[in-house]
Amino acid sequence: MKAKTKRYWLFKSEPSGFSIEDLKACPNKTEPWDGVRNYQARNFLRDDIQVGDGVLFYHSRIPEPAVVGACIVTKSGYPDTTAFDPKAKHYDPKSDSSAPRWFLVDVKLKKIFKRVVTLNEIKESAGLETMVVAQKGSRLSIQPVTEAEWKIIHDLAGDAIK
DNA sequence: GCCAACGTTGGC
DNA sequence: GCCAACGTTGGC
């Protein structure tokens, strides 16, 4: 039996909206990652992200943006129904249940890092300079991460990978 | 809170 | 299909 290749990702969130502590407080520490309204990010969510993939949880729009923990994907791409709800923050009248435009995955918290890895550190660390999040003007909220980058981030966080 | 970078929209 | 105008993101 051929094992599926595990992939790695980085998900951005503003902690004022949804933080890693909020995820920890969710039932089973699991929550649908809703509200993504960017086509490139949507394509990753719909087509590429699989159950078991690793996710780095990143806090943006704070004085020291940083990777703050790790999650695992527990459900792969399915329609983001918050787009159908006129009262929802990310309502999109152009998306409906017959032709959903936006997708999401479920993520489950694995660990909150005792030591966060800041954006500055990422930019200065050998092997991480090419991370998407370190690039100038990088706004993509769902980003691919290489296995090497995943490992280095965990090393910097003081969390050895089992 | 500013504003550069970037994505999307819509007139033509 | 071009591209100016507009809206949003996110580091600083």
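Here is the naming used below: chain letters follow the sequence lines, and residue numbers restart at 1 for every chain.
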Check the interface with nucleotides 6-9 of chain C: list each N/O to N/O pair with the protein under 3.5 Å, or write none.
unit_1	atom_1	unit_2	atom_2	d
C:dT8	O2	A:R139	NH1	2.9

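- One can place CD of A:Q40 at 14 Å from C1' of B:dA5, the figure rounded to the nearest angstrom.
- When atom types are taken as modelled, the side chain of A:R115 and the backbone of A:L156 share a donor-acceptor pair closer than 3.5 angstrom.
- With A:S138 contributing its side chain and A:V132 its backbone, the two residues share a donor-acceptor pair below 3.5 Å.
- Residue contacts shown for A:L119 are limited to sugar-phosphate atoms, with no base heavy atom under 4.0 Å away.
- Note on ring orientation: taking the six-membered ring where Trp is involved, the planes of A:W150 and A:Y8 are tilted (angle from 30° to 60°).
- Between A:D80 and A:R37 a salt bridge is recorded (basic side-chain N to carboxylate O distance below 4.0 Å).
- Classified by interplanar angle (parallel below 30°, tilted 30° to 60°, perpendicular above 60°), the ring pair A:F57/A:H59 is perpendicular.
- Atom-to-atom, CD of A:Q135 to C1' of B:dA5 comes out at 14 Å; the value is rounded to the nearest Å.
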